[in-house]
Amino acid sequence: MNYGEIKNCDIANGIGVRVTLFVSGCTNHCEYCFQPQTWDFAYGQPFTAETEESILEMLKPSHINGLTLLGGEPFEPANQRELLPFLRRVRERFPDKTVWAYSGFTLEELTAEGNYANCEATVPMLELVDVLVDGRFVEALKDISLQFRGSANQRLIDLVKTRESGEIVLWRDGRS
Ligand code: SF4
């Protein structure tokens, strides 16, 4: 897996101050995507053991609320397989911090067996995520007033509450 960028002080992609990892590769190809250069799986630089250590260091300060996964597409199957062991390390090291993840795939697409985005790593990876921002960017539904998302079709799903209740619960500010 490659990544394009890491932000160590991001306030735009999830609640609080976060470390954000922009992984490379996306097959969704949304029209008017704001970063089409990240569609290329070879974009950026390799995600190495050193990269992991560097992110873990960035997560240490108490003012950092957690980690956000963005892309590109973190839920491309090839990326899921690399992110799953890393997320396990993040959870083990920082059990009190939150994990947000963005995906152009909807939760239903991610969890439907036989679907392109669903692989053996998907459910275990989703279990390590607190909030999933799902759905492709749709220019016709673009709304700059929306919190943490670009278009109105995209949902902020509280995966903690969703797991507890067994039905999709949307995230509300102040809960994760
Ligand atoms: S899912 Fe994200 S990175 Fe992929 S094409 Fe859509 S907006 Fe661009």
Side-chain angles (χ1 to χ4, degrees), residues 1-16 18-48 51-52 55 65-84 86-87 90 98-159 162 168 170-171 176:
M1 182 177 78
N2 274 23
Y3 71 96
E5 189 180 2
I6 297 170
K7 290 186 177 174
N8 67 354
C9 194
D10 187 1
I11 56 166
N13 296 300
I15 199 74
R18 315 187 65 79
V19 176
T20 303
L21 168 66
F22 294 78
V23 302
S24 300
C26 181
T27 57
N28 285 315
H29 296 190
C30 308
E31 199 178 4
Y32 302 110
C33 168
F34 62 105
Q35 46 184 6
Q37 71 278 13
T38 68
W39 297 356
D40 182 353
F41 285 78
Y43 176 72
Q45 46 196 311
F47 185 78
T48 63
T51 317
E52 291 196 13
I55 294 174
N65 290 66
L67 174 71
T68 296
L69 302 174
L70 239 160
E73 175 56 72
F75 283 89
E76 285 292 336
N79 291 342
Q80 291 181 46
R81 292 181 178 114
E82 295 225 26
L83 287 170
L84 176 59
F86 175 57
L87 280 189
V90 170
T98 58
V99 175
W100 284 49
Y102 283 73
S103 179
F105 302 114
T106 62
L107 181 59
E108 291 82 354
E109 288 173 322
L110 288 171
T111 51
E113 271 188 45
N115 210 33
Y116 166 75
N118 181 267
C119 68
E120 75 289 348
T122 312
V123 170
M125 182 165 154
L126 286 169
E127 283 172 355
L128 300 172
V129 174
D130 296 284
V131 177
L132 176 73
V133 186
D134 81 338
R136 291 164 187 78
F137 173 70
V138 178
E139 173 71 15
L141 299 174
K142 180 179 174 182
D143 180 348
I144 57 166
S145 72
L146 294 169
Q147 193 182 27
F148 305 134
R149 57 203 167 117
S151 59
N153 61 297
Q154 295 171 314
R155 301 174 295 185
L156 276 72
I157 300 176
D158 185 331
L159 287 183
T162 296
I168 289 181
L170 297 182
W171 177 83
S176 286

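Since the structure is predicted, the reported quantities are computational estimates derived from the model, not experimental observations. One-based numbering, in listed order, for ligands and for the atoms of each.
In this structure, Y32 places its OH atom where only 12 or fewer heavy-atom neighbours from other residues, nucleotides or ligands lie under 6.0 Å away. By the 6.0 Å contact criterion, CG on L146 is enclosed, its count of non-hydrogen atoms from other residues, nucleotides or ligands being greater than 12. Within a 6.0 Å radius of CD in E113, no more than 12 heavy atoms belonging to other residues, nucleotides or ligands are found.
Excluding waters, the set of protein N/O/S atoms under 2.8 Å from atom 4 (Fe) of ligand 1 reads C26 SG.
The closest side-chain donor-acceptor pair between T27 and E73, if any, does not fall under 3.5 angstrom.
By the 4.5 Å heavy-atom criterion applied to side chains, V133 and N13 are not counted as neighbours.
A salt bridge does not link D10 to R18: none of the charged nitrogens lies less than 4.0 Å from a carboxylate oxygen.
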